[in-house]
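Remarks on the structure that follows.
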Amino acid sequence: SDDPDEPSAMPTLVLGMAPLRKPGTQVGQSAIVALTSIAARGHPAHYLAGDRAYSQSKAEDFQLPARALGYKVVIDYKVDQIGRQGSYAGMVLVDGTWYSPGMPESLINATLELRKGVIDEATHAARIEERRNYQMRPKGRPDADGHIRMVCPAAGPAPRVRCALKPKSEGGDGQAKTRILVTDVLALNQPKVCTQQSITLPPNAGAKYVQELPHESPEWHAMYATLRNSNEGMNGFIKDGAREAVDDPERRRIRGVAAQSVLVALQLFAANMRKVDEFLTKKETEGQKVRKLPSRRLTKS
């Protein structure tokens, strides 16, 4: 389900795979092979999560093609990847999200300080929530090439913060309580984001780290945990020694990567059938009706 709080309308199934490779090699490229196949068969794209091996991939190998297929990437980072990750037109990329250049260093380094034990969980959660005041806002949807207009939190008819570099944010009904601290350096060297109402952000800006949900926010935790738990649960399911046992090479005594890949595909097919059977049996035992998915209207090309 797209909503982690809602029960799934169907069991978790394997929808695609790439030919087998040596563990830990071409991780991003293999994922794109599988995702491209899934998309070609008409399955809709939505949130996409992967472990830290995927955040290590080159943007052109994983993140950019995944977004081009319509997926919303939700990833975690290694300790040397968190904090300030890049910049564009004055905006700063922090833990996968674009923020105002006036965001305090204490907020930029919130997750880094948590992992180093400098601050506790409560302080970290408060800082993650405070980051929202400085977050850049998308103005519409990306165009066909992935470019999107971003609006400063102090710009627009309903500014989220007050900033001396955006005079209109100083007026109004006083709902914006947070004030951006404009340093002398920022005032003397104003980037485009401070002199324009909006910025066009290209798809390759910060592509390796950008993600759909603010990292470590409640919504990120809910989505990431749901998708990763589903993935790890299926991994355990297909490794059942009495069933498919995909991690046991003794069950696949055949030479060649191609032959091994075909055999694993058949094992995953069997696991999917077993998943469907268990899902329906559980629903029947609980006296529940299986919730039908809404039908998608087919359009003529």
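Separation of atoms OH (Tyr224) and NE2 (His215) is listed at 7.5 Å; rounding is to 0.5 Å.
Here the side chain of Glu244 pairs no donor or acceptor atom with the backbone of Val246 at under 3.5 angstrom. Under a 3.5 Å cut-off, the side chain of Arg41 and the backbone N or O of Leu15 do form a donor-acceptor pair. Proximity of a side-chain donor or acceptor of Asn231 to a complementary backbone N or O of Leu227 within less than 3.5 Å is not detected. A donor-acceptor pair is defined here as one N or O able to donate and one able to accept, closer than 3.5 Å; such a pair exists between the side chain of Arg137 and the backbone of Ala155. Although no hydrogens or angles enter the test, the distance criterion places no donor-acceptor pair under 3.5 Å between the side chain of Asn272 and the main chain of Leu13. Proximity of a side-chain donor or acceptor of Arg274 to a complementary backbone N or O of Phe237 within less than 3.5 Å is detected.
Its side chain within the 4.5 Å cluster rule, Leu114 clusters with Val118, Ile119 among the Ile, Leu, Val, Met, Phe, Trp and Tyr residues.
Taking 4.5 Å as the limit, some side-chain heavy atom of Leu48 sits within range of a side-chain heavy atom of Leu35. Taking the side chain as every heavy atom from C-beta outward, Ser100 and Ile180 approach each other to under 4.5 Å. By the 4.5 Å heavy-atom criterion applied to side chains, Gln135 and Pro214 are counted as neighbours. Taking 4.5 Å as the limit, every side-chain heavy atom of Pro159 sits out of range of all side-chain heavy atoms of Pro153.
The aromatic rings of Phe62 and Tyr54 lie tilted to each other, with the angle between the two planes from 30° to 60°.
In this model, a donor atom of one side chain and an acceptor atom of the other lie less than 3.5 Å apart for Tyr77 and Gln211. Trp220 and Glu212 are not linked by any side-chain donor-acceptor pair at a separation below 3.5 angstrom, with hydrogens and angles left out of the test.
Evaluation of the salt bridge (Lys or Arg N to Asp or Glu O under 4.0 Å) test over residues 118-134, restricted to residues two or more places apart or in two chains, returns Asp95-Arg131, Glu113-Arg127, Glu129-Arg132, Arg132-Glu219. The list of salt bridge (Lys or Arg N to Asp or Glu O under 4.0 Å) pairs with a residue in residues 58-67, not counting sequence neighbours, is empty. The list of salt bridge (Lys or Arg N to Asp or Glu O under 4.0 Å) pairs with a residue in residues 140-151, not counting sequence neighbours, is empty.
For Arg252, there are no salt bridge (Lys or Arg N to Asp or Glu O under 4.0 Å) partners, not counting sequence neighbours. Here Arg52 pairs with Asp76 under the side-chain hydrogen bond (donor to acceptor under 3.5 Å, both in side chains) rule; sequence neighbours left out.
Atom NZ of Lys275 has more than 12 heavy atoms from other residues, nucleotides or ligands within 6.0 Å.
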Review point. Could you go step by step and tell me if His124 and Glu216 meet the side chain to side chain donor-acceptor pair (under 3.5 Å) rule?
Key: CA-CA 9 Å; His124 175 254; Glu216 292 285 353; 4.7 Å; no
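No salt bridge links Lys282 with Glu278; every basic N to acidic carboxylate O contact stays at or beyond 4.0 Å.
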